[in-house]
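Reading through the structure tokens given below for one structure.
As the structure lists them, so they are numbered: ligands from 1, and atoms in each ligand from 1.
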Amino acid sequence: MTNAFHLRPFEDGDYITVQDDHLCMDGVDLTELAREHGTPLFVYSEQRIRHNARMLLAAFREHHEAARVCFASKACANLTVLGIVNEEGVDLEVNSGGELEKARAAGFASDRLVMNGVSKSRDEIALAVDPPIKAINVDSPFELERIASVASELGTRANVALRGIPGVEGGSTAGIETGSERSKFGMTLAEIEQCLTLAEANPDSIAVVGLHVHIGSQMTDLGLYADAARYVAERGGAIQARFPSDFRHINIGGGFPKTYVKYNDQSPEIGYFHTTLTPADVAATVMPILADVLGRNIEILTEPGRAMMSDAALCLSTAESKKERDGTRWLYLDTGYSVIAEAAQGWYFHMTNVNRAGEEATDRFRVVGPLCDSIDVYYDTEGESKLSTLLQAEPALAEHEALLRKTLVRTPSHRELQASTGPGDVIAILDTGAYQLELASHYCGRLRPAAVLIEKDGGVKTIRRRDTIADLTQHEAVA
Ligand SMILES: Cc1ncc(COP(=O)(O)O)c(C=O)c1O
């Protein structure tokens, strides 16, 4: 066992360790796995999924017995993964008819499902009301009318929760911030009032069972959770009073952050990718606000995606090529944003050399993917280019360069990897268990990756086969 990194090494006792110079997950040699299954390859840890499920349930139940965790399945809707989540007693959040069908295929009972989405079709609503799921989170009065119409056509009563806009901003970036009127999600108080009136007029097809908010993803500011909790606590009481026999839950959404720089903090300035905030901190902030206002009988739901799944997997890639230009070393992986989609959105994922994991990460590389697209890089090419355009246009800005860089450039320009890293080496892209597999595409004729699970007994099971060339061609007609 070696301590490879200057700030925080992969530790003995952790599920990711270094043994005989090789990176291992749950004791399984990842170099061997890459050789056996090829790359890109997602490697999930069953033990880590179970650990995270228990950690999230415990964090919220410590404060309130009637707390439920609904894993946001958009973060990873693989059927095997969903089955493990189900076994741990975690419920599910779905965002489409497709995710609803997958949830049922994975064995989730309808009363353990909540459904989000800003434009649910009549067919999707029909799936959610017959049999009725725990709650459809309603995004507009128009949608509630549609739900009432579908439910009455099917002779059933839809359970709905109203998604409010708590009016909180910040904590991450606009693309993943969903709690303000700037975002496309949720309803104003006037729109919620319209829904309540509509529900009162349609008691046979609509049951108002809850109130819902979701303020964004990777939200690192506890104050924002407190604001959102106060919003639902205040409005929830009034709705509860109007629908006393139906109203039974408050849903505070997800967005709990995970740190992406825990092993080797290469760039302490990279803002919200580094956090020490835990779900237990979020629970300690919001649960007293909710339970004290609404009473002990109210169920409190959460919808974590990232906090459940991001560190439950890593992605193995292979360094295919290299270049050296003006003193800069470039490393070309076989894995770009068709596999790690959030990298192209400026998301930071730590990397390390799997087959030289015991060596110090001393060499700096521009790390890039294989796609024919200049945003297919593991640094913020757009932010760097905006910064350089500004500095060229106005030289006086040079004295504010540090501030501008911090504002405009979201990820480090280079990655530190083990010396002499080059073609043939296996590179692990860490904390990629949430969202990446779901977002994988065939862009540039790339095959979507395989995924394996390291089972709790140490066995390795393929949970998603790699696409084949037939998968690229079979849906298309030849001229
Ligand atoms: C309504 C809703 N709930 C939960 C989540 C999960 O968010 P996170 O993965 O940040 O926890 C999302 C993510 O987009 C969402 O839109």
Nitrogen or oxygen atoms of [X] and ligand 1 under 3.5 Å apart:
X    : result
A72  : no
E303 : yes
S217 : yes
R163 : no

Are side-chain N/O atoms of [X] and [Y] paired as donor and acceptor at under 3.5 Å?
X    : Y   : result
S45  : D26 : yes
T302 : R68 : no
N116 : N95 : no

Shortest non-hydrogen contact between L447 and D467, atoms and distance: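 Nearest pair, atom of L447 first, then D467: CD1-O, 3.4 Å.
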
Least distance between heavy atoms, C76 atom then L82 atom: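 Minimum heavy-atom separation between C76 and L82: O-CD2, 3.6 Å.
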
R405 with E384: basic N within carboxylate O range, under 4.0 Å: no

Can you sort out which atoms of ligand 1 are near [X], meaning under 4.0 Å from one of its heavy atoms?
X    : result
N116 : 1 (C)
G305 : 6 (C), 8 (P), 9 (O), 11 (O)
R306 : 8 (P), 9 (O), 11 (O)
P304 : 11 (O)

Set of residues satisfying side-chain hydrogen bond (donor to acceptor under 3.5 Å, both in side chains) with respect to T318, sequence neighbours excluded: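 For T318, the residues satisfying side-chain hydrogen bond (donor to acceptor under 3.5 Å, both in side chains) (neighbours in sequence not counted) are T39.
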
Ligand 1 contact by [X], heavy-atom criterion under 4.0 angstrom:
X    : result
K74  : yes
A307 : no
Y435 : yes

H350 side chain near Y260 side chain, heavy-atom distance below 4.5 Å: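 With C-beta onward as the side chain, the pair stays apart.
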
